[in-house]
Undergrad: 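Here's a structure for you.
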Amino acid sequence: MTASALKGGVHRAWRHDSAEKHVTGRAVYIDDMPAVPGTQEIWLATSPHPHARILSIDRAAARAVPGVSAVVTAADIPGVNDVAPIFSGEPILADGVAEYVGHPVAAVAASDRDTARRAAALVEVEYEVLEPILSIEDALERESYVARPQVMKRGDAAAAIAAAPHRVAGEAGCGGQDHFYLEGQVALAVPREDSDMLVYSSTQHPTEVQHGVAHTLGVPANAVTVEVRRMGGAFGGKESQATIVAAIAAVLARVSGRPAKLRLARDDDMIVTGKRHDFLFRYEVGFDDTGRIAGLDILFAARAGNVADLSTSVMGRALCHADNCYDIPNAHFRGYCCKTNTVSNTAFRGFGGPQGMVVIELAIEHIARTLGLDVEAVRRANYYGDAPKNVTPYGQVVDDNIVEEVVDGISEKADYEARRREVAAFNESSPVIKKGIAMVPIKFGISFNVKSLNQAGALVHVYTDGSVHLNHGGTEMGQGLYVKIAQVVSEAFQIDLDRIRVSPASTDKVPNTSATAASSGSDLNGMAALDAANRIKERMTGVAAEHFGVAPGEIRFADNRIYAGNQSLAFDELAKLSWAERVSLSATGFYRTPDIHWDPETMQGRPFFYYAYGACIAEVAIDTLTGENRVLRADILEDCGTSLNPAIDLGQIEGGFVQGMGWVTMEELWWDGEGRLRTHGPSTYKIPGSRDVPPVFNVHILEDSPNPHPTIFRSKAVGEPPLMLALSVWLAIRDAVSGLARHRRFVRLDPPATPERVLAAVEEVRAP
Ligand code: MTE
Ligand code: HPA
Ligand code: MOS
């Protein structure tokens, strides 16, 4: 902790740099930007069929609408109609065949949005309807995949299961989730001189938008500049999907010769763009009398949708989190990314991790119910520990394990054992309302599971008045990345935060960036910014040493000044002096995560630089007559290393948990038999509101727990891990249900535990 008068620095609770603008409505999002005269608005014409050959497209009627400047189809794309982030063959406009209901087939640009919408309805498409694959089961049966199955192996699971004293098998699933960012997908493309295109995109991945736009326009990357000041939420939904929206806007800007903006309406956003993958699981686990797992076999099948997008990486992370906090001596995990005629699913906070953890937590409970043991005793029998109980199914040694410390910490803070007894006593005397309580520990791997993505760049300028311009490859989506990186630079120069201005992420300032994702925004960009700042600081130190006639080692930056013994200069004075001495005050910085490697073929390696840990205890009540449920209390202990900013981190923990609560309790995507998503707006798709936040909600950040691995000021990533803490809510609902049969029966109750599903489970558990 810095005890100085500095109004900045790390490990301190500075507010989000846009907090005031967020609450007063003055924060500028793309749709708020003053329109350049002539700007066209875009509307999409989409497929009404889940699978159909496109026989012809007649644009005459749409073109005839006054105000329409362009109507484009796949045939009009100047470059390559493909924006696949990993593989290839992922068109922005359906080419020859439409593969899901909502698949964009044509795009219309007009003087205003309403005209574009009316014209889009007049695009006449003749289809030959083909047979769709709509369910995961169907895809599995027909071996319809977007990529080769992924297999992870440790030891011999089949033999271990066969030899174990006990074994159980089960099937389960979990639902998908819409991102429901407040600001939907949006991009504004502005043609400039020659073939240049400036694109304002609500994207987590400016570089990928740059590439996608360049490919679709058939121009080199240096002709495209992508800028993003902020997103109104992203949650993974704007990691790859934003590229589709931006590329369509760019094509219409090119064809119409005017700026063109595509802002998807909420219903279209939900129908046209991807979400969290729903999964189907089949597992078999062998264990001994204490509940210790001997072998675990899991089949994971994810609904990838019509194309691969990021699905194989999501599946990779699911397989890498199917151990959660437990040592699985013999594991056999198989992951199938199923090709279905539904929208292509994508990144969502946790990126497969939450889905992977559903199975193991279920298996733990299955073991406990089967043996009549306490769930926590089964957890304890299996936690990672000292060698040989410290190797993951993918070969990474868990060398920073604090699971039991975190579990003990939260159990004590939340008075877990006593409250479990109180819940049991309450249930004895309450015939209709039943309570449940459960704990979940979380271990989440930090780093992109694709090695090349673990790099970042930054650009820092110090101006002669001592103000600092900071740019880095990360994007701001509300998570507080900008203030954290500014804190890092403030710490390096020992100057107040308000001297530092973070400029919008832009591909012409910091090139070849990774998505701001995998929770690693501050880890990666913080290190790159520190590198840049330190380069300038070193040069300024040289100038100061010369000025004071001392060795560089005697120069100290503190409290907005530079000291050499009793003498000092203000930071701006030294900046001016450095300029006068013709010393550069601008630098780029770079960082790549050390010590990680991964072989996607064998699914072995050390994909994660470190793990972030956490635990949550949730208490719920269910109504056994209606299935309705509420979270009464949640207690969280989250490991943020030495937090860069405890206020921001607290917000991330609360928000992540509540978003996870939505996923496990109420958010239900519902497709009808014709492949149409029927939950495409807030009236039918329920996300948690303020009244769903647990009335008792105690969030603690683990104290005195610096990251043993050398991350930026020993902090840990916090963006995604807390979402998985909400699995405790699902487990608590399951606990309430299983309490009806004195915890001796194991029933199916998949997330989301909606009232319908809870009621069905109540009836099943009560059936003779
Ligand atoms: N917080 C807010 N407010 N809005 C968001 O869109 N996205 C989450 C998380 N927290 C998100 C958020 C996701 S999916 C990730 S990967 C991280 O933020 C990304 O930012 P970071 O790496 O800087 O933590
Ligand atoms: N998280 C988020 N995005 C990614 C990842 C990941 O682990 N790997 C590739 N893209
Ligand atoms: Mo977050 S799902 O990695 O964008």
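Order of appearance sets the numbers: ligands from 1, and atoms from 1 within every ligand.
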Undergrad: Is the closest heavy atom of Leu310 to ligand 2 under 4.0 Å?
TA: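 It does not; every heavy atom stays at 4.0 Å or beyond.
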
Undergrad: Do Ser344 and Asp309 pair up side chain to side chain, a donor and an acceptor below 3.5 Å, judged on atom types alone?
TA: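 Side-chain D/A pair, Ser344 to Asp309: absent.
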
Undergrad: Would you mind listing which atoms of ligand 1 come within a distance below 4.0 Å of any non-hydrogen atom of Gly478?
TA: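 Answer, ordered by atom number: 2 (C), 3 (N).
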
Undergrad: Heavy-atom contacts with Phe348 under 4.0 Å: which atoms of ligand 3 show up? List them by number with element.
TA: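 Under 4.0 Å from Phe348, ligand 3 has these atoms: 2 (S).
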
Undergrad: Out of Phe608, Tyr611, Phe333, Phe351, which one pairs with His321 under the ring-ring contact (aromatic ring centres under 6.0 Å, His included) rule?
TA: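 Result: among Phe608, Tyr611, Phe333, Phe351, Phe608 is the only option passing the ring-ring contact (aromatic ring centres under 6.0 Å, His included) with His321.
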
Undergrad: Find the distance between OG1 (Thr642) and CZ (Arg714) and round it off to the nearest 0.5 Å.
TA: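 Those atoms lie 8.5 Å apart.
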
Undergrad: Applying the salt bridge (charged side-chain N to carboxylate O under 4.0 Å, His left out) criterion to Asp178, which one of Arg349, Lys275, Lys686, Arg276 satisfies it?
TA: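 So, applying the salt bridge (charged side-chain N to carboxylate O under 4.0 Å, His left out) to Asp178 and each of Arg349, Lys275, Lys686, Arg276, only Lys275 qualifies.
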
Undergrad: Give me the residue, atom name and distance of the protein heavy atom closest to atom 17 (C) of ligand 1.
TA: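 I find the closest protein heavy atom is Gly719 CA, 4.1 Å.
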
Undergrad: Among all protein heavy atoms, pick out the one at the shortest distance from atom 8 (C) of ligand 1; state its residue, atom name and that distance to 0.1 Å.
TA: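 For atom 8 (C) of ligand 1, the nearest protein heavy atom is Arg349 NE, 3.8 Å.
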
Undergrad: Provide the number and element of each atom of ligand 1 under 4.0 Å from a heavy atom of Ala518.
TA: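 Answer, ordered by atom number: 16 (S).
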
Undergrad: Starting from atom 3 (O) of ligand 3, find the nearest protein heavy-atom neighbour and note its residue, name and distance.
TA: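 Protein heavy atom at minimum distance: Ala518 N, 2.6 Å.
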
Undergrad: Considering the options Phe235, Trp663, Phe348, which one meets the ring-ring contact (aromatic ring centres under 6.0 Å, His included) requirement together with His179?
TA: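 Filter result, single survivor: Phe348.
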
Undergrad: To check your reading of the model: name the closest protein heavy atom to atom 10 (N) of ligand 2, its residue, and the distance in Å.
TA: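 Looking only at protein heavy atoms, the one closest to atom 10 (N) of ligand 2 is Glu239 OE2, 3.2 Å.
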
Undergrad: Nearest non-hydrogen contact with atom 1 (N) of ligand 2 belongs to which option: Pro607, Ala347, Ala518?
TA: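 Selected option, by shortest heavy-atom distance: Ala518.
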
Undergrad: Can you confirm if the NZ or CZ of Arg501 lies within 45° of the ring axis of Tyr482 and under 6.0 Å from the centre of its six-membered ring?
TA: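 No, a cation-pi geometry is absent between Arg501 and Tyr482.
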
Undergrad: In the protein, what heavy atom is nearest to atom 5 (C) of ligand 2, and what distance, to one decimal place, separates them?
TA: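 Ranked first by proximity to atom 5 (C) of ligand 2 is Phe351 CE2, 3.3 Å.
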
Undergrad: So, taking the atom named CG in Leu530 and the one named CG in Asn525, what distance separates them when rounded to the nearest 0.5 Å?
TA: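 If I round to the nearest 0.5 Å, the distance is 12.5 Å.
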
Undergrad: Considering the heavy atoms of Gly233, write down every atom of ligand 1 situated less than 4.0 Å from one of them.
TA: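 With Gly233 as reference, the close atoms of ligand 1 come out as 6 (O).
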
Undergrad: Is any side-chain heavy atom of Tyr610 less than 4.5 Å from a side-chain heavy atom of Thr711?
TA: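 Heavy-atom side-chain distance check passes, below 4.5 Å.
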
Undergrad: For ligand 1, find out whether one of its N or O atoms is nearer than 3.5 Å to an N or O atom of Gly521.
TA: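 N/O-N/O distance below 3.5 Å exists for this pair.
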
Undergrad: Compute the shortest N/O to N/O distance between Glu720 and ligand 1 and return yes if it is under 3.5 Å, no if not.
TA: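 There is no such contact.
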
Undergrad: For ligand 3, which atoms, with element, lie under 4.0 Å from some heavy atom of Gly236?
TA: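 Going through ligand 3 atom by atom, the ones under 4.0 Å from Gly236 are 2 (S), 4 (O).
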
Undergrad: About how many Å separate CD of Gln241 and CG of Leu310, when rounded to the nearest 0.5 Å?
TA: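 Going from the CG atom of Leu310 to the CD atom of Gln241 covers 8.0 Å.
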
Undergrad: For atom 4 (O) of ligand 3, what is the nearest protein heavy atom, given as residue, atom name and distance?
TA: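 Checking every protein heavy atom, the shortest distance to atom 4 (O) of ligand 3 gives Gln204 NE2, 2.7 Å.
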
Undergrad: Please round to the nearest 0.5 Å and tell me the distance separating atom CZ of Phe300 and atom CD of Gln150.
TA: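 Here the rounded value is 11.0 Å.
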
Undergrad: So Phe697 and Phe657, would you call those rings parallel, tilted or perpendicular, with 30° and 60° as cut-offs?
TA: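 The rings of Phe697 and Phe657 sit tilted, inter-plane angle from 30° to 60°.
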
Undergrad: Establish, yes or no, whether the cationic atom of Lys238 lies under 6.0 Å from the six-membered ring centre of Tyr181 and within 45° of the ring axis.
TA: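 Lys238 over Tyr181 ring: yes.
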
Undergrad: For the 3.5 Å polar cut-off, considering only N or O atoms, please tell me whether Phe235 and ligand 1 meet it.
TA: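 Yes; at least one N/O pair falls below 3.5 Å.
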
Undergrad: Under 3.5 Å between any N/O of Met477 and any N/O of ligand 1: does that happen in this structure?
TA: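 There is such a contact, yes.
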
Undergrad: So which atom in Pro354 and which in Leu727 form the shortest heavy-atom distance, rounded to 0.1 Å?
TA: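 Between these two residues, the closest heavy atoms are O-CD1, 4.3 Å.
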
Undergrad: Pairing donors with acceptors under 3.5 angstrom, does anything connect the side chains of His205 and Thr243?
TA: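 The criterion, which ignores hydrogens and geometry beyond distance, is not satisfied for Thr243 and His205.
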
Undergrad: Need the ligand 3 atom indices (1-based, order shown) with element for anything under 4.0 Å from a heavy-atom of Ala517.
TA: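 Heavy-atom distances to Ala517 below 4.0 Å select 3 (O), 4 (O).
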
Undergrad: What residue and heavy atom of the protein are closest to atom 1 (Mo) of ligand 3, and at what distance?
TA: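 I find the closest protein heavy atom is Glu720 OE2, 3.7 Å.
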
Undergrad: Considering only NZ, NE, NH1 and NH2 on the basic side and carboxylate oxygens on the acidic side, decide whether Asp399 and Arg606 come within less than 4.0 Å.
TA: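 A salt bridge links Asp399 with Arg606.
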
Undergrad: Just going by heavy-atom distances, which of Gln652, His179, Glu476, His22 is nearest to atom 9 (C) of ligand 1?
TA: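 Nearest option to atom 9 (C) of ligand 1, by heavy atoms: Gln652.
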
Undergrad: Flag this pair as yes if the NZ/CZ of Arg230 is under 6.0 angstrom from the six-membered ring centre of Tyr29 and inside a 45 degree cone about the axis; otherwise no.
TA: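 Yes, Arg230 sits over the ring of Tyr29.
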
Undergrad: Please could you name the atoms of ligand 2 that Arg317 approaches to less than 4.0 Å, counting only its heavy atoms?
TA: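 Atoms satisfying the 4.0 Å criterion: 6 (C), 7 (O).
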
Undergrad: Any idea which atoms of ligand 1 are less than 4.0 Å away from a heavy-atom of Ala517?
TA: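 Within the 4.0 Å cut-off of Ala517, ligand 1 contributes 16 (S).
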
Undergrad: Short N/O distance, under 3.5 Å, between Leu481 and ligand 1?
TA: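 It does not: no N or O of Leu481 is found under 3.5 Å from an N or O of ligand 1.
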
Undergrad: For the NE2 atom on His215, are there more than 12 heavy atoms of other groups (residues, nucleotides or ligands in this structure) within a distance under 6.0 Å?
TA: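 Counting neighbours around NE2 of His215, 12 or fewer heavy atoms of other residues, nucleotides or ligands fall under 6.0 Å, so no.
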
Undergrad: With nothing but distance in play, are any N or O atoms of Gln479 less than 3.5 Å from an N or O of ligand 1?
TA: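 By distance alone, the answer is yes.
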
Undergrad: Tell me, please: is Gly655 in heavy-atom contact with ligand 1, that is, under 4.0 Å?
TA: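 Per 4.0 Å heavy-atom rule, Gly655 does not contact ligand 1.
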
Undergrad: Between Ala717 and ligand 1, which part of the residue brings a heavy atom under 4.0 Å of the ligand: side chain, backbone, both or neither?
TA: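 The answer is neither.
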
Undergrad: Got the closest protein heavy atom to atom 8 (N) of ligand 2, with its distance?
TA: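 Atom 8 (N) of ligand 2 sits closest to the protein heavy atom Asn449 OD1, 2.8 Å.
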
Undergrad: Atoms of ligand 1 less than 4.0 Å from Gly236 heavy atoms?
TA: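 It comes down to these atoms of ligand 1: 14 (S).
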
Undergrad: Between Lys484 and Asp649, does any NZ, NE, NH1 or NH2 come within less than 4.0 Å of an OD or OE carboxylate oxygen?
TA: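 Looking at Lys484 together with Asp649, the answer is yes, because their closest N to O distance falls below 4.0 Å.
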
Undergrad: Please state which part of Arg349 comes within less than 4.0 Å of ligand 3, counting heavy atoms only: side chain, backbone, both or neither.
TA: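 For Arg349, only backbone atoms sit under 4.0 Å from ligand 3.
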
Undergrad: For ligand 2, which atoms sit closer than 4.0 Å to a heavy atom of Leu453?
TA: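 So the answer, numbered in order with elements, is 9 (C), 10 (N).
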
Undergrad: Identify, by atom number and element, the atoms of ligand 1 in contact range of Ala234, meaning under 4.0 Å from any of its heavy atoms.
TA: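 Atoms satisfying the 4.0 Å criterion: 5 (C), 6 (O).
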
Undergrad: Regarding ligand 1, does Thr516 bring an N or O atom to under 3.5 Å of one of the ligand's N or O atoms?
TA: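 No; the residue has no nitrogen or oxygen that sits under 3.5 Å from a nitrogen or oxygen of the ligand.
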
